[in-house]
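Treat the numbers as computed from the prediction; the structure is a model and nothing was measured.
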Amino acid sequence: MYNLLKINSNNENHIEILYKLLTKKKFNISHETLPLLDHHKIFVKNNPYREWYFIQKSSEIIGSVYITKDNVIGINIPEAQENEYLHSIKLIIEKHNPLEAIKSVRSKSFCINSNPKNKVLIKALEKLNMEHIENTYRFKD
């Protein structure tokens with residue numbers, strides 16, 4: 001049984017659980033090195049997301065998922081199996097609708113970014129019939 005538990009960005013226990021999940025994350029997109037716990041606390045307390053949840057499987061927290069104001073879904077499940085991604089993504093899209101599109105700013109649909117090495121997530125996205133729309137590249141320093 002899967003469930004979403006709303007994250008309270010002012011709850012120290014929630015902040016610690018999020019940090020523990022972050023330390024276990026294998027496939028990063030937004031950072032290359034683990035932030036210090038103090039920086040992580042500031043980030044969480046600023047809560048930059050539209051919605052943010054823990055993913056619970058039975059009674060265990062296995063990951064987290066968020067929705068940005070740009071209709072992007074971010075998902076972090078360390079050691080994830082395909083069915084864990086499938087259930088978690090289905091839960092979030094059943095619970096929320098994308099915000100209205102804004103040309104050149106926000107898509108009318110939810111999007112999920114994936115590190116190209118995260119083959120398990122990519123396979124789950126394909127099973128959900130999500131359309132592959134872009135590859136993103138960045139300049140290395």
Side-chain angles (χ1 to χ4, degrees), residues 1-102 104-141:
M1 179 70 180
Y2 290 84
N3 192 25
L4 298 176
L5 304 171
K6 195 153 180 81
I7 290 173
N8 177 344
S9 59
N10 292 310
N11 181 308
E12 289 295 324
N13 188 46
H14 285 196
I15 293 170
E16 289 176 22
I17 295 168
L18 284 167
Y19 193 73
K20 186 175 180 181
L21 289 169
L22 191 60
T23 65
K24 295 178 180 181
K25 191 171 184 177
K26 287 184 175 180
F27 304 107
N28 295 310
I29 295 174
S30 61
H31 68 275
E32 293 180 13
T33 59
L34 185 68
L36 298 172
L37 179 58
D38 288 343
H39 293 140
H40 173 74
K41 285 181 181 183
I42 292 166
F43 177 84
V44 173
K45 288 184 182 210
N46 285 328
N47 190 3
Y49 304 125
R50 176 178 151 206
E51 298 291 342
W52 202 356
Y53 298 95
F54 288 118
I55 302 164
Q56 187 178 32
K57 180 181 177 184
S58 299
S59 60
E60 179 188 359
I61 292 175
I62 62 165
S64 65
V65 61
Y66 61 80
I67 302 174
T68 70
K69 295 171 182 86
D70 292 334
N71 289 335
V72 173
I73 297 172
I75 188 163
N76 175 25
I77 307 174
E79 307 295 328
Q81 297 176 12
E82 186 180 317
N83 66 327
E84 293 171 328
Y85 281 129
L86 289 169
H87 287 291
S88 301
I89 293 166
K90 286 178 184 177
L91 275 175
I92 200 80
I93 61 176
E94 288 169 3
K95 187 174 179 86
H96 296 283
N97 293 317
L99 297 174
E100 186 177 320
I102 300 173
S104 298
V105 175
R106 177 171 63 211
S107 170
K108 68 178 181 175
S109 305
F110 283 130
C111 296
I112 298 176
N113 296 320
S114 175
N115 183 304
K117 296 175 187 170
N118 192 344
K119 303 297 184 195
V120 177
L121 175 58
I122 292 168
K123 191 171 180 183
L125 298 174
E126 290 170 350
K127 277 197 174 174
L128 291 168
N129 290 323
M130 292 191 70
E131 179 184 11
H132 182 192
I133 58 170
E134 74 178 24
N135 291 320
T136 304
Y137 295 85
R138 69 176 173 209
F139 284 98
K140 290 185 178 182
D141 294 335

Inspect the surroundings of CD in Glu100 and state if more than 12 heavy atoms from other residues, nucleotides or ligands are less than 6.0 Å away. no
So which pairs with a foot in residues 47-56 pass salt bridge (charged side-chain N to carboxylate O under 4.0 Å, His left out), sequence neighbours left out? Lys6-Glu51
Inter-residue atom distance Asn135.CG - Asn113.CG, 0.5 Å rounding: 11.0 Å
State whether Lys119 and Glu82 are salt-bridged, where the test is any N-O pair (Lys NZ or Arg NE/NH1/NH2 against Asp/Glu carboxylate O) under 4.0 Å. no
4.5 Å side-chain heavy-atom contact, Leu21 and Lys25: no
Look up atom CD1 in Ile75 and atom CG in Leu121, then write down how far apart they are to the nearest 0.5 Å. 7.0 Å
What do the steps show when you test Tyr2 against Leu86 for side-chain contact (heavy atoms from CB on, under 4.5 Å), and what is the final call? CA-CA 10 Å; Tyr2 290 84; Leu86 289 169; over 6 Å; no
What distance separates Ile15 CD1 from Asn10 CG, expressed to the nearest 0.5 Å? 7.0 Å
Could you tell me if the ring centre of Phe54 sits under 6.0 Å from that of His14? yes
Got Lys95 and Tyr53 here, is their nearest side-chain heavy-atom distance under 4.5 Å? yes
Can you find a heavy atom in the side chain of Leu22 that is under 4.5 Å from one in the side chain of Pro35? yes
Check whether any side-chain heavy atom of Tyr19 lies under 4.5 Å from a side-chain heavy atom of Lys41, and answer yes or no. no
Mind checking whether Tyr66 and Tyr49 have parallel, tilted or perpendicular rings, split at 30° and 60°? parallel
Nearest 0.5 Å, what's the CH2-CG distance between Trp52 and Leu18? 5.0 Å
A side-chain contact here means heavy atoms from C-beta on lying under 4.5 Å apart; do Lys127 and Tyr85 qualify? no
side-chain contact (heavy atoms from CB on, under 4.5 Å), paired with Ile55, selected from Leu5, Val65, Ile61: Val65
